[in-house]
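Below is one structure, written out as C-alpha cells; comments come after it.
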Amino acid sequence: MPRMLILDGNSLANRAFYALPPLTTADGRPTNVLHGFLTMLFKLEQEQHPDYWVVAFDKTKATVRIEQYAGYKAQRKETPEGLRPQFDYLKEILAEMDVPLLELAGYEADDLIAAITKQAEAQGMEIQIYTGDKDALQLISPRTNIFLTKKGISEIERYDETALWERYQLRPHQIIDLKGLMGDTSDNIPGVPGIGEKTALKLLWEFETVENVLTNVEKVSGKKVQSNLKEYADQAILSKKLATMLTEVPLTFSSEDFIYRRPQASKVLPVLQKYDLRNVTRLWHERHNDEGLLSENSEAVLETWPERAMSEEDWLLQIAEWKSQKKPLTLACRYKGTGLQGGQWLEWGVANQGETFTLDREEASEKVCQAWLGLMGSDEIPKTLADSKTVALLLANEGVKLKGLALDLSLASYLIQSSRPKFAPLDLVKEYFPSQDVFANIAEEAAALAQVAPKFEEDISTLGLTSLLHEIEEPLSLVLAQMERHGIAIDSETLKAFGDGISLTLKQLEQDIYALAEETFNINSPKQLGTILFEKLSLPTAKKTKTGYSTDAETLEELRTAHPVVAKILDYRQLNKLMSTYVNGLLAQAKEGRIHTTFQQTVTTTGRLSSTEPNLQNIPIRLEQGRQLRKVFHPTEPGWVLLSADYSQIELRILAHYSQDPLLCESFALRQDVHTRTAAEVFGISLEEVTSDMRRSAKAVNFGLVYGLTEFGLSRDLGIPRKESKFYIEQYFKRYSGVKRYLEDVVTQAKIDGQVRTLLNRLRRIPELLHSNRVQRQFGERIAMNTPVQGTAADIMKLAMLKVAEGLKPFQATMLLQVHDELLLQVAPEDLENVARMLKEQMENAYPLTVPMTVECKVGPNWYEMQPFHSI
DNA sequence: AAGCTCACG
DNA sequence: ACGTACGTGAGCTTT
C-alpha cells in the first residue's frame, strides 16, 4: 500500500519554536524551528519511507471560519517575532528538498489536510498525519493514523482507532463532539462553560453526540452541567461545527503533486549552510554514512513466516527433531510479573528456518513443557533472544539454567549504538525494518527477530564488536541474572531501628528550623526554602538555578555561619535523604530478608552497568552517618562473611597505559602513592616534602584528568581561585607531557572519526563534537577524553566478573554486587583464603596492561565492618 | 514530566 | 561573554 505523509507545517513549527532553545545564525536570524522541523522530517523520511509526502500551511487572514464566529481564534496571540520569519526560511528549504508544499488563501492547514486525506483514502493509500493538534484525531480511519507530538517535538504518539479508544473510549467522529462540549482555549472554541474534558467524556460515553446530549439534557446528572447545557446549547452546536475539519476545499490535486522525490545533496546542503544548520547538516551526512556503513535497507520488508498448528504429539516430535538436529532457534517470550519477582512465562514464540510456532503455557501439556525446558537448558541448541537476562531469570524460576545463548539482540543493539534509548523487541526490529509497526502475536515477533538477527550480526562484525558481544556482554548477562536472583541479605529490623533513630532527630530538626525561621514551611521544597533564606532572612545569594535560588549543599555550606538555621537545614537534608531513599526505600524493596537489584546492561553510554529498583551502587559510604547503613547488609548464610575486592586507581592506570607517560607509568610500576607522586611533580619537591594539602590538590587534579580537566571544575572542586587551578594544570601538563599529548590526540582522532573506542573495542559515537554550540562541542571533547578511560575500566571489570564467576565454581561463595570498581561476594569461612586469592588474581590479570593492576580485598561480617584482608 | 537535590563510582 | 568537570538512579516538589 503506498504511504503518504502529511505534515501540519504550522502546528509543528509552533511546537518546535516553543520546545527548542532560541538558536540563531551567526548574523542573528532565528533558526530553532528549522532545526526542530527538519530533524523531524529527516527522521520520518528515514524511518517511514514515504511514497508521497506534503507539508500543509495556513494561509491566514480571512479564513472561512471567521465568518462563522467572530471570536474564533481571536484569543490566539500574534505570531511571536522569532517565529514569523522562520516560516519563509522553512518553505525555502523545503522547496530545495523537493518536498511539496500546500497552502490556500482562506484555509487552514487543518482543512487542507482533511481534504488531502479524503482523496488519498479514496486512492487506497496509507496515510500518516503529523501534527500537534488533537483536532486531527477526527480523521482517524483504518487507513489513516495520526501522530501527535507529545512533549516538545521529539516524542511522537501514534493514534489509530484502537489507541484512540484506549485513551478516550471515543470513536474518531466523536472528537468534534468532545471539542463541542469542552471547547478549546487555544483555538478559542467556546464549548459549554463548566464542562471540561472529564465531564465531556462522561456525557459522550452515555449519549455519543452533542445533539443527543442536548436532546436528552433532562437525563444528564449534575444540576449545573444540565443548566449550562440548556443555556449554551447553541454555542455547543457552533463549537462542534468550528471543530469540524472541512473536507471540501476549492482545489483539486492529483497524487502526482505529492510524489516523494529523494532530496538532492547539491540543492539541500547549500541552503542548510545558508542558515547555519550545522546539526541538520550533520544529520544529513550521518544518514548517508549510516546507509553506507550499516546494512540498513530502506526497502526491506519482513517476510511473513507461517505458523504451524501443533498438537501435543507434534510438539514432542518437533522438540525431539530440533534437539537431534541441533537447530538454531529464535525465541520471543511473553511473561507475567518481572523476570525477577515471581515472573512466569506465558507464551513462547519460536522461529526456525521460515516457520514459526507458539507454545502456550495454558494449552501445553506438562510433558511438552518439560521437553521444551530441556531444550532451553541445552547447550547444543543455539538461541537468539532479545533480552537474555530476563529469559534466564524466567527459566531459573522453572529450575532451568539457560544454555546455548548464541545472540542477544538487545546487547548487540546497545554495542552498535549505546545512546539508543530502547531495546524492546519492536525497537530492535525497527532498526532494520522501519516500517514494522506492531507484532500481531508472539510467533510473528519471533519471526521478525529471526530476520533481524543476521543484520545485527553483520553490523556487529563490521564494527569490530563480535568478541565484545559474544565473549563478554552475552555471558555476563547470565552472570548478572544469577546475582540478581540470589540477592543480598538485609536485616530489616536493624534498618527499622536505624530509621526510628533518624526520625526522632528529624522531628527535632524540623521544629528547630521552624522556630529559627519563625514559620512552618516545606523544608523539602527548594522554592519555599529559597524564599525563607534569601527573602525573609535576607541571606546573601550566591548561585541561581533556572527557576530560582539555588539551595544545594554547596551553597548552604557557604552560608553556614550566616544564620543558625542553615546548619540545621544541612543536617535535615542529610538525614532526610537517608530516611527516604535508603531506610524507607530499601525497606520497601526487601523480600524474605533479601534485596534483589536489577542490573541494567544497556543503559550507560560508557559501558558501565547501572543498578535499579533499588540502586545498590550508591549505598552511602563517604559520611559516617550514612555509612552506618551498610551494617544492615550481611551474608545470607550464618557464619559466612562478606568479601569485597576493589580495583585501586583503575582509571588512572588505564590513563597511564593509554598515554605511556613515563612519570605516570613509573609511579605505578614502583607502586607509589600516585597522588603523592603527582603532588611532588607539580610542586617540584621530593615525595617526603608533600603535605596533606598538596596531596589533596594533586588528587583533585588526577580525578579531573579522567573527566577532561577544566580550570573551572578544578577551582570549584578545591575551592580555589581560577588562577591557582590554572597554575596546577599547567604544572601538571609540563611534567606529564605524555598525558597531555594523549588527551590532545584522543580528541583530534575523535573529531576525525566521530567516535571513540575502549581497549576492548567498545564504541561510543560523539555527535556533540560537531555541534554548532561551543559548550556542547567542549562537552564532546571531554566525553572523548573520559569514555576510553571509564569504558575500559568497565570492560576490564566485566571480563574480571566472568573469570571470577568461573573461578568461584569449586567454592562455597556467591557474587553479590558490582559497584563499578568493586565486587562484593559472600564466602563460607573455610573457603575465604582460597576465594580471596583467586579473586585478586583474576581481577588483577583480567586484562594485563603495561602498568600493574592492584586489587585490595576486605572482609567482614557486614558491609560496614570490612577489614583489609591479605591472603597468604 | 521536569527540575532540584544528593547518594555512589 | 559565556557556562563547564565524567558516568549513573531515586525521591521529592512543582508545573
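Just so we're on the same page: letters track the sequence lines, and every chain starts at 1.
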Open item on the list: I'd like to know if the side chain of A/R653 reaches the main chain of A/S648, judged simply by a donor and an acceptor atom lying under 3.5 Å from each other, with no hydrogens or angles considered.
Closed with: yes
Open item on the list: So, under a plain 3.5 Å distance rule, would you say the side chain of A/R622 forms a donor-acceptor pair with the base of B/dG9?
Closed with: yes
Open item on the list: I'd like to know if A/R573 reaches the base of B/dC6 with its side chain, counting only an N/O donor and acceptor under 3.5 Å.
Closed with: no
How many whole angstroms separate atom [atom1] of [X] from atom [atom2] of [N]?
{"X": "A/N615", "N": "B/dC6", "atom1": "CG", "atom2": "C1'", "value": "12 Å"}
{"X": "A/Q617", "N": "C/dA10", "atom1": "CD", "atom2": "P", "value": "11 Å"}
{"X": "A/Q600", "N": "C/dG9", "atom1": "CD", "atom2": "P", "value": "7 Å"}
{"X": "A/F712", "N": "C/dC6", "atom1": "CZ", "atom2": "C1'", "value": "15 Å"}
{"X": "A/E651", "N": "B/dG9", "atom1": "CD", "atom2": "P", "value": "12 Å"}
{"X": "A/Y549", "N": "B/dT5", "atom1": "OH", "atom2": "P", "value": "14 Å"}
{"X": "A/Q776", "N": "C/dC6", "atom1": "CD", "atom2": "P", "value": "11 Å"}

Open item on the list: Are there over 12 heavy-atom neighbours, none belonging to A/E554, within less than 6.0 Å of that residue's CD?
Closed with: yes
Open item on the list: Are more than 12 heavy atoms, taken from residues, nucleotides or ligands other than A/F703, located less than 6.0 Å from that residue's CZ atom?
Closed with: no
Open item on the list: If you only use heavy atoms from C-beta on, which nucleotide in C/dG3, B/dC6, C/dC6 is closest to the side chain of A/D552?
Closed with: B/dC6
